[in-house]
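In the text below, chain A, chain B and the rest are named by the order of the sequence lines, each starting its count at 1.
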There are 2 protein chains.
Amino acid sequence: MPDSTSPSSPPTPVPAPSPSHARRSDATRAAILDSARERFAADGYERATIRAIARDAKIDPSMVMRYFGSKEGLFAAAVAVDIRLPDLGTLPRQEVGRVLVAHFLDQWEGNEVLTALLRVGAGSQAGAERMQGVFRDQVMPVARRVCPDPEQTATRAALTAAQLLGLALTRYVLRLPPAVALPREEIVAWLGPTVQRYLTAPHP
Amino acid sequence: MPDSTSPSSPPTPVPAPSPSHARRSDATRAAILDSARERFAADGYERATIRAIARDAKIDPSMVMRYFGSKEGLFAAAVAVDIRLPDLGTLPRQEVGRVLVAHFLDQWEGNEVLTALLRVGAGSQAGAERMQGVFRDQVMPVARRVCPDPEQTATRAALTAAQLLGLALTRYVLRLPPAVALPREEIVAWLGPTVQRYLTAPHP
DNA sequence: ACTGTTTGCCAACGCTCGTTGACCAACGTA
DNA sequence: TACGTTGGTCAACGAGCGTTGGCAAACAGT
């Protein structure tokens, strides 16, 4: 499986990436990616079929193959994820928890790619490795700026990830009714101090 | 899909459930269930094929159909889950958090069914409904005994579920390296106070 | 207008899956 | 010994999947 955590060059047979002026097929490409993201988020990797994605995008399944090489390639292109964590080093330390929870909620509310990534990450070994890559390349560097003790960074980042991904799991994937019903500000009020403690409090 | 959260009568074509003396096929049945649990936990619902499960159990795929009716029926029988939460009402309130986290870790370390359930719950709508059933039938009643205010029970149970399922997700499914490396007692020390606060602290 | 490239559809391939029904062997009872 | 029941195998089915290659239309450069 190609590495999706870095935007590696796609295996598209289109000869040269001419960034000067748009190709006519860019719209189709985007439509495929949109449908793919939706299907992967809703159904997971296996149940999201190329045929169904192509039907949603109103094109032939073979076009998906031509543009993205394989189902794996399509998935890699569809969930090239950048969670754009803010630089937590520039704000007061006692606000880190609440800001991070609020940012996390914003990202998940407006980006079905994250749901797709979590669904697939939980569903297969390859998906799990993708999430490990996101954690390593995007979460850990930010955590390093908040808790300078390098020996504790990994632990504190993992605790934070457990709390935040658990929220995403129960609210956006499993959809446990009380987790869905929780208002945004209440989540921030409850989870903010938890994350704050995981990142900055002394080892218990 | 049959309801798996309650041990409903299986769709097995064996005529009468004679509980008096064991049948000769009980060993085979158990072998199938063992292989099924392992495969479902390792591969998720779609990738765990009946053929592979039968191969593990060293019998013919058609036996699985005869005993469990369908793949759905096999899954329902394999993950008939009882998380056996302790009665938290009988111990000092300030210990509830740590006891619950420790119990949760014990359950997950020794029971691959839970990993299978979480993997499948994250992978499909039907799986998510199964986890909603476990939450509603097994978690909520226990939470009611700890936080008597009925208006807050659901919220507090959901927050606790988010924290604990997030731990299970990062540690047993995604296997984020620092989450896997965390010693048991350190998890209890970090998450115990969090769960304690979610269940018993006043609304923030 | 001619020609090569891009964009797209169509029909099929090979494969694996869940599932079925016919058939066989071992056993328990009369 | 004969026979119904139970435990198990074998071979095949129909369907759906990812994937491929060929061909038609639209376009662009000359």
Taking only distance into account, with no hydrogens and no angle test, what donor-acceptor pairs under 3.5 Å do side-chain atoms of residues 175-189 of chain B form with protein atoms, sequence neighbours excluded?
{"from": "B/R184", "atom 1": "NH1", "to": "B/D106", "atom 2": "OD1", "distance (Å)": "2.6"}
{"from": "B/E186", "atom 1": "OE2", "to": "A/H203", "atom 2": "NE2", "distance (Å)": "2.9"}

[X] [atom1] to [N] [atom2]: how many Å, rounded?
{"X": "B/E46", "N": "D/dG16", "atom1": "CD", "atom2": "C1'", "result": "13 Å"}
{"X": "A/F75", "N": "D/dG18", "atom1": "CZ", "atom2": "C1'", "result": "17 Å"}
{"X": "B/K58", "N": "D/dT9", "atom1": "NZ", "atom2": "P", "result": "12 Å"}
{"X": "B/R47", "N": "C/dT16", "atom1": "CZ", "atom2": "P", "result": "15 Å"}
{"X": "B/Y67", "N": "D/dT6", "atom1": "OH", "atom2": "P", "result": "11 Å"}
{"X": "A/I32", "N": "C/dT7", "atom1": "CD1", "atom2": "C1'", "result": "11 Å"}
{"X": "B/I59", "N": "C/dA26", "atom1": "CD1", "atom2": "P", "result": "19 Å"}
{"X": "B/F68", "N": "C/dT19", "atom1": "CZ", "atom2": "C1'", "result": "16 Å"}

Checklist entry - Taking only residues at least two apart or on different chains, which pairs with a member in residues 160-174 of chain B satisfy side chain to side chain donor-acceptor pair (under 3.5 Å)? => result A/Y198-B/Q163, B/E109-B/R171, B/E109-B/Y172
Checklist entry - Can a side chain N or O of A/T28 be found less than 4.0 Å away from OP1 or OP2 on C/dG8? => result yes
Pairs under 3.5 angstrom, nitrogen or oxygen only, protein versus nucleotides 19-28 of chain D, please.
{"from": "D/dT19", "atom 1": "OP2", "to": "A/K71", "atom 2": "N", "distance (Å)": "2.8"}

Item to check | B/M65/B/I50 under side-chain contact (heavy atoms from CB on, under 4.5 Å): CA gap, chis, key distance, verdict | outcome: CA-CA 9 Å; B/M65 303 303 297; B/I50 286 194; 3.7 Å; yes
Item to check | Within 6.0 Å of CD in B/Q196, more than 12 heavy atoms from elsewhere | outcome: yes
Item to check | Check: B/S124/A/R119 side-chain N/O donor and acceptor closer than 3.5 Å | outcome: no
Item to check | Donor-acceptor pair between A/S35 and A/R55 side chains, under 3.5 angstrom | outcome: no
